S.K.: 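Before we start, here is the structure in question, set down as structure tokens.
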Protein chains: 2
Amino acid sequence: MKKINIKIRVSNGFETVIGPGKADLLQHIIDTGSISAAAKKMNMSYRRAWELINTMNQSFDEPIVIAKTGGIHGGGAELSDFGIKILNLYKVLIQKMLATVDEEITQINSHLKSWK
Amino acid sequence: MKKINIKIRVSNGFETVIGPGKADLLQHIIDTGSISAAAKKMNMSYRRAWELINTMNQSFDEPIVIAKTGGIHGGGAELSDFGIKILNLYKVLIQKMLATVDEEITQINSHLKSWK
DNA sequence: TGACGTTATTCCTTAACGGGAATAACGTTT
DNA sequence: AAACGTTATTCCCGTTAAGGAATAACGTCA
């Protein structure tokens with residue numbers, strides 16, 4: 001059993017707008033309600049997580065993540081309705097794309113060395 | 001008109017086995033018959049081109065690029081039949097994948113800022 | 001044998017990336 | 001007012017990535 005892996009990124013021409021890492025991060029923010037907690041779950045620095053989020057928020061015409069400082073637990077973050085929509089679009093994108101190329105993936109996989 | 005761009009890479013789990021850059025390089029090798037000429041056309045250093053090729057040759061169970069030193073023009077490189085097969089598989093992979101998600105791409109694109 | 005142009009490989013240096021620490025701002029709770 | 005935990009932001013530093021230069025090896029041709 002080998003471990004071929006298709007990575008799909010959406011770029012605006014010079015930077016990734018959403019891809020595997022950013023989508024993962026968004027999902028963890030949904031789960032935890034916090035940027036720092038999401039980052040920790042991914043073994044990612046807060047600094048980097050914030051950068052990814054900032055890139056996304058600046059790339060789209062509406063914010064993806066809404067963050068608040070202060071308050072009951074010091075603050076927190078959640079996806080905007082728009083952010084949820086984009087994340088779901090990305091998930092659908094991946095699902096559809098992968099569903100169509102089982103044959104080609106199998107063929108490429110069969111020629112990959114397995115010890116890596 | 002915006003410039004959304006979907007990048008698809010095939011990974012073996014820890015490195016890219018074929019993706020946009022490597023596929024481009026292979027095509028240029030077909031066109032030029034030389035690693036150095038192909039690299040030059042892409043504004044890529046020979047050193048890097050060789051690394052990409054080496055990664056591919058080591059990742060698959062057959063060589064993708066066959067290179068020769070010496071001879072009439074100092075040497076040269078060409079894709080093996082297997083390399084041509086893999087490159088075509090990748091092209092088909094991309095074509096099929098992109099063909100299925102026109103709707104999602106259009107939607108994401110419509111929410112991307114255009115000045116980037 | 002010497003010239004030629006390409007592949008193959010090593011070494012050094014520079015640039016980019018990302019982590020960690022430090023700090024401020026914030027708003028609720030006590 | 002003080003404490004708390006999170007976001008937001010800036011600095012510094014080490015690691016890694018990538019480029020360039022240099023050199024050897026190679027096989028054909030003159």
Side-chain angles (χ1 to χ4, degrees), chain A residues 7 9 11 13-22 24-60 62-80 83, chain B residues 7 9 11-12 14-17 19-22 24-60 62-80 83 116:
Chain A
K7 290 179 180 167
R9 291 181 162 80
S11 168
F14 77 98
E15 65 185 352
T16 297
V17 155
I18 189 166
K22 292 190 175 73
D24 255 34
L25 179 60
L26 292 184
Q27 188 60 56
H28 279 105
I29 290 176
I30 291 177
D31 295 343
T32 62
S34 153
I35 294 176
S36 62
K40 190 167 295 184
K41 278 204 175 185
M42 298 178 68
N43 286 343
M44 179 185 289
S45 68
Y46 174 86
R47 186 181 161 282
R48 174 150 176 74
W50 186 87
E51 283 175 349
L52 297 184
I53 292 168
N54 194 42
T55 295
M56 287 188 277
N57 281 347
Q58 291 183 346
S59 298
F60 289 96
E62 292 183 47
I64 301 287
V65 172
I66 308 282
K68 290 182 173 56
T69 69
I72 172 70
H73 289 123
E78 61 180 358
L79 268 65
S80 66
Chain B
K7 290 178 180 170
R9 289 181 165 81
S11 168
N12 61 10
F14 76 98
E15 65 186 352
T16 297
V17 154
K22 292 190 175 75
D24 255 34
L25 180 59
L26 292 184
Q27 188 60 56
H28 279 105
I29 290 177
I30 292 176
D31 296 342
T32 64
S34 152
I35 295 176
S36 61
K40 191 167 293 183
K41 279 204 173 184
M42 298 179 69
N43 286 343
M44 179 184 287
S45 68
Y46 173 84
R47 187 177 160 285
R48 174 150 176 74
W50 185 87
E51 283 175 350
L52 297 184
I53 292 168
N54 194 41
T55 295
M56 286 188 278
N57 280 349
Q58 291 184 346
S59 298
F60 289 95
E62 292 184 46
I64 301 288
V65 173
I66 308 282
K68 290 181 172 58
T69 70
I72 171 71
H73 289 125
E78 59 180 359
L79 267 67
S80 65
K116 280 194 174 181

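It should be emphasised that the depicted structure is a prediction, and the values quoted were computed from it without experimental measurement. To find a chain, count down the sequence lines: A is the first, B the second, and so on, and within it residues start at 1.
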S.K.: Which pairs with one or both residues in residues 45-56 of chain B pass salt bridge (Lys or Arg N to Asp or Glu O under 4.0 Å), sequence neighbours excluded?
M.R.: B/Arg47-B/Glu51
S.K.: Expressed in angstrom and rounded to an integer, what is the separation of A/Asn43 atom CG from C/dG18 atom P?
M.R.: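 So the two atoms are 16 Å apart, to the nearest Å.
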S.K.: Got a sec, which residues hit side-chain contact (heavy atoms from CB on, under 4.5 Å) with B/Asp31, two or more places apart in sequence or on another chain?
M.R.: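 For B/Asp31, the residues satisfying side-chain contact (heavy atoms from CB on, under 4.5 Å) (neighbours in sequence not counted) are B/Gln27.
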S.K.: Summarise how protein sits on nucleotides 6-17 of chain D as a single string, 5' to 3': B when a protein heavy atom is under 4.0 Å from the base, S for sugar-phosphate-only contact, - for no contact.
M.R.: BBBBBB------
S.K.: Output all residues satisfying side-chain contact (heavy atoms from CB on, under 4.5 Å) with A/Thr69, sequence neighbours left out; order by chain, then residue number.
M.R.: none
S.K.: Name all pairs fulfilling the side chain to side chain donor-acceptor pair (under 3.5 Å) condition that reach into residues 32-43 of chain A, sequence neighbours left out, sorted by first residue then second.
M.R.: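 Those involving residues 32-43 of chain A are A/Ser34-A/Ser36.
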S.K.: Would you kindly give the CE-to-P distance between B/Met44 and D/dG19, to the nearest whole Å?
M.R.: 8 Å
S.K.: For A/Met42 and A/Gly21, which heavy atoms make the closest approach, and how far apart are they?
M.R.: CE-O, 3.9 Å
